[in-house]
Amino acid sequence: MKIIEHATGLTITTPQINVNVDEFTDKPTPVVISHLTPAAISFLQRPSTAPVFISQDLYELLQILTVTGVLKLSLERIQIMPTSYPTIIGDLRITPLPNDDGVCGSVALLIEDAAMAIGYCATFTTHGSKKKRLKKWKRHFRDARIKQFYFLAATLTAHQDAPRIFEPDRVLSLLSADSHQTVSPAYGRVLQFLFRQVDHQLPVQTAAHPTLHLATTVPASPVATAPTVAELHDIVTVLQASPVPLGTAAERAALIKQLGLPEN
């Protein structure tokens with residue numbers, strides 16, 4: 001396989017097919033969405049013939065957002081990838097593995113062809129509520145003997161209070177700390193779905209004039225901390241693979257220097 005690196009994803013080319021991973025264009029190239037981002041939502045709102053592959057949890061969340069009228073999305077072209085089982089796309093085998101980055105529906109991806117295997121996990125936290133998920137995908141990657149491990153450089157350098165969407169742990173922390181917070185009925189149904197994903201039961205106070213909106217930037221909480229460089233070193237040691245950070249030139253250069261990697 002040939003791998004083209006982008007700031008926020010990959011394009012993978014084989015003799016049979018091209019596949020974009022978290023890379024969104026207007027071409028009819030198959031797209032795998034590993035985690036929910038504003039760019040992914042924007043792509044799903046545009047008319048396109050490109051088939052889209054996502055996890056079951058992410059598909060259920062998008063259904064909730066569509067049914068409640070929070071977003072207008074085109075779900076007809078979506079195909080569900082069962083977690084922990086390979087999905088065949090052309091001559092590629094792509095296995096989604098449950099991940100914890102604080103956002104519902106996130107997966108790591110084991111991507112294989114007949115010649116090699118790579119691991120991809122755009123973002124992750126080592127201090128979330130689902131630490132066992134990281135252990136499982138690390139073991140899966142190691143057993144597959146991946147050659148490279150791709151991830152976003154911003155995973156380590158982003159501020160904790162950077163705008164992110166649909167983070168159940170952080171929303172739960174905010175609502176638990178302030179019983180006077182209210183949400184709209186539609187947002188309430190979305191939150192109930194998110195809390196089901198993190199095994200929490202929380203009564204949601206709905207209101208015609210809510211104080212908490214879907215687009216609100218939720219303050220940081222301790223469960224959403226980014227991994228440290230030392231923790232990333234430990235992960236790479238376990239995987240026995242070359243780490244490949246994705247991002248802007250400045251983000252990549254800064255992280256490559258921190259990790260002590262050779263510059264391209």
Side-chain angles (χ1 to χ4, degrees), residues 1-15 19-23 32-35 53 55 81-102 106-158 225-249 251-264:
M1 71 176 81
K2 178 182 178 182
I3 302 167
I4 301 173
E5 301 169 12
H6 304 287
T8 59
L10 302 172
T11 296
I12 299 173
T13 301
T14 72
V19 175
N20 286 328
V21 179
D22 295 328
E23 173 68 12
V32 176
I33 299 177
S34 75
H35 63 300
F53 298 84
S55 70
M81 299 187 297
T83 53
S84 303
Y85 292 93
T87 293
I88 307 301
I89 308 177
D91 49 354
L92 286 174
R93 288 163 48 96
I94 301 181
T95 305
L97 304 162
N99 178 45
D100 184 9
D101 66 353
S106 172
V107 291
L109 300 171
L110 173 63
I111 305 172
E112 304 169 281
D113 68 2
M116 66 179 294
I118 63 170
Y120 173 90
C121 189
T123 63
F124 53 91
T125 175
T126 52
H127 303 280
S129 61
K130 307 181 186 68
K131 297 182 181 68
K132 290 182 179 179
R133 293 186 174 187
L134 268 69
K135 292 181 180 179
K136 289 182 178 179
W137 64 247
K138 285 190 292 184
R139 184 168 60 249
H140 212 111
F141 283 0
R142 182 199 62 201
D143 293 346
R145 299 183 179 182
I146 62 172
K147 299 298 183 183
Q148 288 91 27
F149 172 53
Y150 293 87
F151 62 94
L152 296 185
T155 296
L156 277 73
T157 59
T225 54
T228 64
V229 172
E231 288 171 331
L232 180 58
H233 267 301
D234 290 341
I235 291 174
V236 172
T237 300
V238 170
L239 299 181
Q240 299 181 351
S242 301
V244 184
L246 304 173
T248 65
E251 289 172 335
R252 286 170 52 90
L255 188 54
I256 286 173
K257 183 177 180 180
Q258 285 181 289
L259 293 174
L261 299 174
E263 297 185 13
N264 294 332

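Bear in mind the structure is a predicted one, so any value in this text is a computation, not a measurement. When a residue number appears, it is its place in the shown sequence, counting from 1.
- Salt-bridge formation is not detected for the pair Arg145/Glu112: no Lys NZ or Arg NE/NH1/NH2 atom is positioned less than 4.0 Å from an Asp or Glu carboxylate oxygen.
- Taken to the nearest 0.5 Å, the CG atom of Asp101 stands 7.0 Å off from the SG atom of Cys121.
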Stepwise side chain to side chain contact (heavy atoms under 4.5 Å, CB included) test for Arg93 and Asp113: CA-CA 6 Å; Arg93 288 163 48 96; Asp113 68 2; over 6 Å; no
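- No side-chain heavy atom of Thr8 sits under 4.5 Å from any side-chain heavy atom of Leu246.
- Contact check for Pro245 versus Phe151: side-chain heavy atoms found under the 4.5 Å cut-off.
- Between Phe149 and Phe124, the ring-plane angle classifies as tilted under the 30° and 60° cut-offs.
- With hydrogens and angles ignored, the 3.5 Å screen pairs no side-chain donor or acceptor of Gln240 with any backbone N or O of Thr237.
- Here the shortest heavy-atom pairing between Ser34 and Asp22 reads OG-OD2, 2.6 Å.
- Side-chain contact between Ile12 and Ile118: present, with at least one pair of heavy atoms (C-beta onward) separated by less than 4.5 Å.
- Counted by atom type alone, Thr11 and Asn20 present one or more donor-acceptor pairs between their side chains at under 3.5 Å.
- Remark: the Thr125 side chain and the Asp100 side chain contain no N/O donor-acceptor pair separated by less than 3.5 Å.
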Candidate pair Arg252 and Glu5, rule side chain to side chain contact (heavy atoms under 4.5 Å, CB included), full reasoning: CA-CA 12 Å; Arg252 286 170 52 90; Glu5 301 169 12; 3.2 Å; yes
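- With hydrogens and angles disregarded, no donor-acceptor distance shorter than 3.5 Å links the side chain of Arg142 to the backbone of Leu239.
- Put simply, CZ on Arg139 and CG on Leu134 are 11.5 Å apart, with the number rounded to the nearest 0.5 Å.
- Counting heavy atoms from C-beta outward, Thr123 and His35 have side chains that approach closer than 4.5 Å.
- Between Ile94 and Ile89 there is a side-chain heavy-atom pair separated by less than 4.5 Å.
- At a threshold of 4.5 Å between non-hydrogen side-chain atoms, the residues Met1 and Thr13 do not count as touching.
- Across every non-hydrogen atom of Asn99 and Ser106, the tightest pair is ND2-OG, 2.9 Å.
- Within the 4.5 Å cutoff, the side chain of Phe141 has heavy atoms near those of the Leu110 side chain.
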Test side chain to side chain contact (heavy atoms under 4.5 Å, CB included) applied to Val19 and Val32, step by step: CA-CA 7 Å; Val19 175; Val32 176; 3.9 Å; yes
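- A distance of 7.5 Å separates CG of Leu109 from OH of Tyr120, quoted to the nearest 0.5 Å.
- Of all heavy-atom pairs between Ala241 and Val236, the closest is O-CG1, 3.1 Å.
- Scanning both residues, Asp91 and Pro15, for their nearest heavy atoms gives OD2-CD, 3.6 Å.
- Contact between Leu10 and Glu23 at its shortest, heavy atoms only, is O-CB, 3.8 Å.
- Atoms NZ and CZ, on Lys136 and Arg133 in that order, are 8.5 Å from each other to the nearest 0.5 Å.
- A 4.5 Å side-chain heavy-atom check between Ile146 and Ile111 finds every atom pair outside the cut-off.
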